[in-house]
Amino acid sequence: MATSRGEFSSRIGFIMAAAGSAVGLGNIWGFPTQTASNGGAAFVFVYLILAFCLAYPAFMAELLIGRYGQANAVTSLQKMSRTKGHKQFAFIVGFGGVVCAALILSFYGIIAGWMMSYAIEPVAHFIGAGNSAEWVVSQSLTRNILFTACFMFLTIFVIRRGVEDGIEKWSKRLMPLLIGLLILLIGYVFTLEGASEGLNAYLNPDFSRVLDPGLLISAMGQAFFSLSLGTSVMVIYGSYISKKENLVSLGAQVTLIDVSIAFLAGLLIIPAMYVAQAQGVAIFADDGSLISGSGLVFAVLPALFDTMGSMGLMVGFAFFVLMSVAALTSSISMLEGPVSYVVERHNIERKKATTFIGILIFFMSVGIISQLGVMLDFVATLATEYGQPIIAMLCCVFVGWIWHRNDILKEIQSGNEKVEHSIFWKIWPWYTKFVCPTAIAIVFIHSLR
Ligand code: TRP
């Protein structure tokens, strides 16, 4: 374990990397449709409260575990453990997170591959390669394997370079690109007919639904998925932050960026759907709800781009590049979880470990692709609806019940001397001990029904 560890070279480097992990397909695709089908602004309102009051404290737990342990999730948790039982528990929680990250990457890579293929389609059209354009957006085994491989290649390429040269450098390049594209697309969509109706549907609150348990569960699940909790990723990112940084405010800034980008994505997707409707594209499913999931991204939006003529080629290209970039900054963090584990625990060199694990996860993706209909949903549900909440909850339990209170306080104080006067200091330790695990457990049990 004598390998020298990477570290983010700057505050902004960490913020971009962690926000890159958090901002992904979940924000740009999941959040807007959930909002539309859950009472518009009422969902946004509940989401904001849950993101800051529940997901943020759990997020802080993971960051603090990592920075205290200065290592991967398993080693960090074991450093806090005082008995053999604790150490075993630490292994289960930490390793569970690593496996969960690998599982998420195995299906996320397939969907990200589709995003890339849809970004290539307008280019192929533009250069007159109509047949290829059609091929890249038609379901086929070869297409799926090829594009998943391309996407995994990019992910491996970044992670092989390590923390500063890989994760930090690329997040600092890609995140501004993502935000720029998002704002450009919003600006354009707002000039089109139907956008204001969409804006209304997005921002018109139906407050009668605020206490609807279904809405609460969706908002909470969305918040946890979005902050990449329960996957060991935020623990390892926390371990790359200098002890001199104020973690409490860094965590809050990342949460704020994550929430803001989800909100911005809503300003793009929902109005775009109503613009599509004004062009005669069906945007409601049979049960009256807005079309969501893959139907939205791969049918409704491309149909909208088709109605825009040559401008549609550019808009479609920009949109799917946006999606691919969002996916890439998330996927690199998913690969970093397992890679850092193997590098630190088994003393394998980073480049080798990255290639090996990347290829292993690619083979898992191929397994899923071969049975796409059943496997994609199965793995996604297993990892995000079971794995993530359970492990995030266990991390809170670990911090609240096993980690020494004095050590926790010392870690919070590191880089932040004045914290003793803040509400965070007064509330958070208690909150993480009782409120977070209970709330996550309640939501989890509800979602099983
Ligand atoms: N936060 C990502 C998104 O919104 C998805 C995600 C879930 C994730 N779990 C993760 C990313 C673990 C990295 C690591 O799309």
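Both ligands and their constituent atoms are indexed starting at 1 by order of listing. Only this structure's heavy atoms are used, side chains among them; waters, hydrogens and symmetry mates stay out.
Under 4.0 Å from any atom of ligand 1, one finds heavy atoms of residues S21, A22, G24, L25, G26, N27, I104, Y108, F225, S226, S228, T231, V233, S330, S333, M334, Q388.
The residue from F43, Y47, Y202 that alone fulfils the ring-ring contact (aromatic ring centres under 6.0 Å, His included) condition with F263 is Y202. The only option from F89, Y68, W403 that meets the ring-ring contact (aromatic ring centres under 6.0 Å, His included) definition with F398 turns out to be F89.
Applying the salt bridge (charged side-chain N to carboxylate O under 4.0 Å, His left out) criterion to E62, with sequence neighbours excluded, gives no partner residue.
Between E336 and R350 there is a salt bridge, with a side-chain nitrogen of the basic residue lying less than 4.0 Å from a carboxylate oxygen of the acidic one.
The cationic group of R161 lies under 6.0 Å from the six-membered ring centre of F157 and within 45° of the ring axis, placing it in a cation-pi geometry.
The distance between the ring centers of Y237 and F8 falls below 6.0 angstrom.
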